[in-house]
Amino acid sequence: MENIRAGLERKRLLITGCGRSGTLYSAKIWQSLGLDIRHERPVPPNGVMGADGAASWFMVADDPKPPSGPSILDYKFDVVIHQVRHPLKVIASMAQFVLQQGKRAPGYIERHVPDTKLSPEEQNHLDFKQQLILIASRYWYHWNLMAEVKADKIVRVENLNEELADLCDLVGVPYRPSALDGVPKDINARRHHVSDEPWEVTWEEIKRLDLEIYKSIKHLAATYGYPGPY
């Protein structure tokens, strides 16, 4: 594929999707397969573009100055993997970790997905935790739709091990099952960042907060292969 614009730097791989969907885990797996894939979090050697690409939820949005890591506007990727994770897991983690703890990310999300913004009624009648869960629910739906537009392949992080051989063929790197052995699946778990007990979010809770976003999430989750009950 040729670059769309002059001056656009070409890289092999971008892994993107919603925050808290396991992009750091995936970056580590691709590193173990020999690729220099950096994560967006601003902890060296991350926070920059790798020689082969990046794993960044910020790069779903066409933004010249994301909160951390490189801008997608400066690069062209041979392969874009849209990584998804079960919505209830992402929504709970986004609400508790990113939205409650974050400083720049909430504004970044609202700027690119105005539909996440709470109405005056929601601000007045929902408690703080409910507000965060509602924002995270809307975020999961709309951010994944944005990621789909850029993606060559959609992969559930829960199935990454089973799909890795085919993904290696797609990216053009040799598959080695042993690459998975040294990468802990909880490498970026909430417990590393938040001392409180992890929040749990249920389908009924989302349904009570916003029936329409509940229906939208339910439908999109099913297209990704996540079973009910809803």
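- Counting only distance, with no hydrogens or angles, the side chain of Arg38 and the backbone of Pro45 share a donor-acceptor pair below 3.5 Å.
- Shown here for Leu99 and Ile109, the closest heavy-atom pair between the two residues is CD2-CD1, 4.1 Å.
- Less than 6.0 angstrom separates the ring centroid of Tyr139 from the ring centroid of Trp57.
- Side-chain contact between Tyr224 and His86: absent, with no pair of heavy atoms (C-beta onward) separated by less than 4.5 Å.
- Gln96 places no side-chain N or O within donor-acceptor distance of the main-chain N or O of Lys129, the cut-off being under 3.5 Å.
- Side-chain N or O atoms of Asn124 include one that pairs as donor or acceptor with a backbone N or O of Pro120 at under 3.5 Å.
- Following chains of ILVMFWY side-chain contacts shorter than 4.5 Å, one cannot reach Leu14 starting from Val48, and the two form parts of different hydrophobic clusters.
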| said: Could you go through Tyr226 and Leu88, starting from their C-alpha distance and side-chain angles, then the distance that decides it, and tell me whether this counts as side-chain contact (heavy atoms from CB on, under 4.5 Å)? | reply: CA-CA 11 Å; Tyr226 291 108; Leu88 295 184; over 6 Å; no
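- At distances below 3.5 Å, not a single donor-acceptor pair connects side-chain atoms of Ser26 with backbone N or O atoms of Thr23.
- By the 30° and 60° cut-offs, the orientation of the rings of Tyr75 relative to Phe77 is tilted.
- Between the side chain of Gln130 and the backbone N or O of Asp127, at least one donor-acceptor pair lies under 3.5 Å.
- Electrostatic pairing of Asp78 and Lys11 does not count as a salt bridge here, judged by no charged N lying under 4.0 Å from a carboxylate O.
- Other residues, nucleotides and ligands contribute more than 12 heavy atoms inside 6.0 Å of the CD atom of Gln123.
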| task | For Val171 and Asp52, run side-chain contact (heavy atoms from CB on, under 4.5 Å): C-alpha distance rounded to whole Å, both residues' side-chain angles, the deciding distance at 0.1 Å, then the answer. | result | CA-CA 11 Å; Val171 176; Asp52 295 298; over 6 Å; no
| query | For Lys89 and Val201, what are the C-alpha separation, side-chain angles and deciding distance, and is it a side-chain contact (heavy atoms from CB on, under 4.5 Å)? | reply | CA-CA 8 Å; Lys89 297 292 186 182; Val201 175; over 6 Å; no
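- Counting heavy atoms from C-beta outward, Ile72 and Asp62 have side chains that approach closer than 4.5 Å.
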| request: Take Asp152 and His82 through the test side chain to side chain donor-acceptor pair (under 3.5 Å) and record every step on the way to the result. | output: CA-CA 8 Å; Asp152 297 298; His82 171 199; over 6 Å; no
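- Separating the NZ atom in Lys207 from the NZ atom in Lys215 is a distance of 8.5 Å, to the nearest 0.5 Å.
- Taking 4.5 Å as the limit, every side-chain heavy atom of Leu73 sits out of range of all side-chain heavy atoms of Leu8.
- Within the 4.5 Å cutoff, the side chain of Leu209 has no heavy atoms near those of the Tyr214 side chain.
- Panel note: side chain Arg85, backbone Arg156; no donor-acceptor pair is recorded below 3.5 Å.
- Taking 4.5 Å as the limit, some side-chain heavy atom of Trp203 sits within range of a side-chain heavy atom of Pro87.
- Residue Leu180 holds its CG atom at 5.5 Å from OH of Tyr25, rounded to the nearest 0.5 Å.
- Of the possible polar contacts, none joining the Glu40 side chain to the Pro70 backbone as a donor-acceptor pair under 3.5 Å is found.
- A donor-acceptor pair under 3.5 Å is absent between the side-chain atoms of Lys153 and the main chain of Leu167, judged by distance alone.
- Within the 4.5 Å cutoff, side-chain heavy atoms of Ser137 are placed close to those of Ile217.
- Distance check, rounded to the nearest 0.5 Å: CG of Asp181 to CD1 of Ile29 gives 10.5 Å.
- Two different hydrophobic clusters hold Val43 and Ile15 under the rule that ILVMFWY side chains link at heavy-atom gaps under 4.5 Å.
- Taking both residues in full, the closest heavy atoms of Pro67 and Tyr108 are given as CD-CD1, 3.4 Å, listed atom of the first, atom of the second, then distance.
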| request: Kindly determine whether Gln131 and Leu134 satisfy side-chain contact (heavy atoms from CB on, under 4.5 Å), including the steps that lead there. | output: CA-CA 5 Å; Gln131 291 180 23; Leu134 179 53; 5.8 Å; no
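- Between the side chain of Gln83 and the backbone N or O of Thr16 there is no donor-acceptor pair closer than 3.5 Å.
- Shortest non-hydrogen contact noted between Ala27 and Ala55 is CB-CB, 3.9 Å.
- Taking each heavy atom of Ile37 and Gln31 in turn, the nearest pair found is O-NE2, 2.6 Å.
- The closest side-chain heavy-atom distance from Val84 to Ser21 is not below 4.5 Å.
- Atom-to-atom distance recorded for Leu145:CG and Asp115:CG is 10.5 Å, nearest 0.5 angstrom.
- Atom CD1 of residue Ile135 and atom CG of residue Asp210 lie 12.0 Å apart, to the nearest 0.5 angstrom.
- The heavy-atom pair separating Ala51 from Asp36 by the smallest distance is N-OD2, 2.9 Å.
- When all heavy atoms of Pro44 and Pro42 are compared, the pair lying nearest together is CD-O, 3.9 Å.
- With Arg138 contributing its side chain and Ile213 its backbone, the two residues share no donor-acceptor pair below 3.5 Å.
- Note that CE of Met94 and CH2 of Trp199 are 12.0 Å apart. Values are rounded to the nearest 0.5 Å.
- Residue Trp143 is not grouped with residue Val149 when hydrophobic side chains (ILVMFWY) are merged at heavy-atom distances under 4.5 angstrom, including chains of intermediate members.
- Taking the side chain as every heavy atom from C-beta outward, Glu162 and Asn159 approach each other to under 4.5 Å.
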